[in-house]
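This report refers to the structure that appears directly beneath it.
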Protein chains: 2
Amino acid sequence: MLNKHTIERLVVYNRVLKDLRVRNISQITSEQLGERLSKTSSQIRRDLSEVGKKGRPGVGYFVEELIDSLDEVLGLKRKWGLALIGAGNLGRALFYYPGFKKEGYEFRAVIDADPSKIGRNWSGVTITSPDTLKKLVREKNIDMGVIAVPSEAASEVAGTLVGAGVKAVLNFAPVPLDLPEDVYLRHTDLAMDMENLSCHLCETEKK
Amino acid sequence: MLNKHTIERLVVYNRVLKDLRVRNISQITSEQLGERLSKTSSQIRRDLSEVGKKGRPGVGYFVEELIDSLDEVLGLKRKWGLALIGAGNLGRALFYYPGFKKEGYEFRAVIDADPSKIGRNWSGVTITSPDTLKKLVREKNIDMGVIAVPSEAASEVAGTLVGAGVKAVLNFAPVPLDLPEDVYLRHTDLAMDMENLSCHLCETEKK
DNA sequence: AAGCATTTGTGAATGTTTTCACGAACTACA
DNA sequence: TGTAGTTCGTGAAAACATTCACAAATGCTT
Ligand SMILES: NC(=O)c1ccc[n+]([C@@H]2O[C@H](COP(=O)([O-])OP(=O)(O)OC[C@H]3O[C@@H](n4cnc5c(N)ncnc54)[C@H](O)[C@@H]3O)[C@@H](O)[C@H]2O)c1
Ligand SMILES: NC(=O)c1ccc[n+]([C@@H]2O[C@H](COP(=O)([O-])OP(=O)(O)OC[C@H]3O[C@@H](n4cnc5c(N)ncnc54)[C@H](O)[C@@H]3O)[C@@H](O)[C@H]2O)c1
């Protein structure tokens, strides 16, 4: 069972490997990969030992094989249906980001409470009201919910998603959500990243 | 010296405390705070013991005092100058997000390479070309750089920021950056969050 | 003022993640 | 085939993070 930190590193390894593939490099050692990512080679070997594919002693890992295993483990071999809740600035950026579609993530529903937004069309997807969510989750095979509404609305929206049977939620609202434990929740808090930076700047200034 | 995990939790405690303040609740125990955030009370006590302010045995912590210490530690007592590099979809969402300004983060420069964007005005800030960055960093007192350009351009842009003397960088491009170690770098990778979700869904499906 | 009920702050214990270090597996070449 | 040179996979050690558990501090009641 992969833990959060391992998964995060695997995602990065996968990106680097895909870059190597484009450049026609077909093998790489843990040492070289570590060099490129400022990580120890043993960290990389241990992480990779958790995904199926094995490296070859004396040679390293085969780029193509490893990408294949990583795509499998990370769930990039199939398509996922996403519902976006909140068609605001952030929601629009997420929706129109081509990288998601490329990796198999499809926004199949866009929900907003603002009557002036309902009915608009975003590249073929019509924005609908929150009370259509439950039906859409069933009809459009929604696997994940992406919450991009203001904090005040986040809990309610999360509840609706869970009620509709969604088992994975990505939350951008800066408020902690309390969901049943069989729902996998990620919280991406952009303001937290800012505060992390300013906290460090403060600390280094003091010295 | 605060570590990354502690800082992330402090940010969340601070949010909850600010919510309590609005609701006129003036004290809270570690137990109650833990309850609300699904954390152990000892975790909270240990985290808070690292910021100056002390709690009072038998009573708990005073909301106002604690917010004050946390704002201090997290760098929310002063203003920070930000440069946004990349005025695309994500850049616009970040720029217009009122939460940042409220916490003291001011976008004072917006840079884009696209000639059709240069010269446009975003609430008083004129979008300028990359070669103005160095000058702007000096003139506008830029403390942090926010990278929201495509992956291909990210390394170069990061180099320019560092060259201009910026000591903190928030990177949204899905590519690892290799910066000098006195520059504090955070990498926010939205696709990584997606992959984390799909990875978990895959795993639970298998069982 | 004494006793009881809370709750903190923190050493010590426990749990988790990363790094070390080395035997085994593989390649290359004579 | 044998020997030298890589690099992997993984137990064991070290580093790091969380939780436990309890003495000490404080408030409240009588
Ligand atoms: N934009 C950023 O850079 C940024 C940064 C940090 C955090 N966030 C967080 O992300 C979330 C979205 O940010 P944004 O900038 O897109 O905000 P926004 O105001 O541009 O968009 C929010 C959208 O949600 C809709 N909405 C409100 N209540 C709703 C409900 N109950 N159901 C469905 N839709 C509803 C609104 O009509 C609006 O379209 C917020 O919680 C914000 O705090 C955003
Ligand atoms: N939008 C999302 O939801 C999302 C999700 C995950 C990752 N990202 C990443 O965030 C970054 C920005 O995404 P976006 O959706 O805003 O892309 P975008 O294409 O909308 O915007 C990118 C902007 O950067 C500008 N640019 C290009 N090269 C530049 C340079 N050298 N200097 C200055 N500006 C330059 C472009 O002109 C454009 O305006 C990308 O790296 C993307 O991979 C975005």
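Protein chains get the first letters and strands the later ones, always in sequence-line order, with residue 1 at the start of each. Just so we're clear, the structure is a prediction, and the values are computed from it rather than from any experiment.
To the nearest 0.5 angstrom, B:Glu72 atom CD is 12.0 Å from B:Lys53 atom NZ.
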Between the protein and nucleotides 24-29 of chain C, list the N/O to N/O atom pairs that are separated by less than 3.5 angstrom.
from   : atom 1 : to      : atom 2 : distance (Å)
C:dT27 : OP1    : A:Arg56 : NH1    : 2.8

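Note: CD (A:Glu50) to C1' (D:dT10) measures 12 Å, nearest angstrom. As rounded to whole Å, 15 Å separates atom P of D:dT6 from atom CD of A:Gln27. The distance between atom CG of B:Asn3 and atom P of C:dT16, rounded to the nearest whole Å, is 18 Å. Separating the CD atom of A:Gln32 from the P atom of D:dT6 is a distance of 13 Å, rounded to the nearest angstrom. Computed from coordinates, the A:His5 NE2 to D:dT18 C1' distance equals 12 Å when rounded to whole Å. Between the CG atom of A:Leu33 and the C1' atom of D:dG9 there is a distance of 16 Å, rounded to whole Å. A:Phe62 places its CZ atom 11 Å from the P atom of D:dC8, with the value rounded to the nearest Å. Look at CD on A:Glu31: it is 18 Å from P on D:dG5, rounded to the nearest Å.
B:His187 places a side-chain N or O within 3.5 Å of a backbone atom of B:Ala173 that can act as its donor or acceptor partner. Between the side chain of A:Lys167 and the backbone N or O of B:Leu201 there is no donor-acceptor pair closer than 3.5 Å. Put simply, the side chain of B:Asp47 never gets that close to the backbone of B:Val51: no donor and acceptor are under 3.5 Å apart. Although no hydrogens or angles enter the test, the distance criterion places a donor-acceptor pair under 3.5 Å between the side chain of A:Gln32 and the main chain of A:Thr29.
Note: A:Phe107 and A:Trp122 fail the aromatic proximity criterion, with ring centroids not under 6.0 Å apart.
A salt bridge does not link A:Arg15 with A:Asp19: none of the charged nitrogens is closer than 4.0 Å to a carboxylate oxygen. Salt bridge annotation for B:Glu65-B:Arg21: absent, with no cationic side-chain nitrogen under 4.0 angstrom from a carboxylate oxygen. Between A:Glu103 and A:Lys77 there is no salt bridge, since no side-chain nitrogen of the basic residue lies less than 4.0 Å from a carboxylate oxygen of the acidic one.
A:Thr6 comes within 4.0 angstrom of nothing in the nucleic acid, heavy atoms only.
OP1 and OP2 of C:dT6 both lie 4.0 Å or more from every side-chain N or O belonging to B:Tyr61.
Remark: A:Arg45, A:Arg46 in residues 39-48 of chain A come within less than 4.0 Å of DNA chain D through at least one heavy atom.
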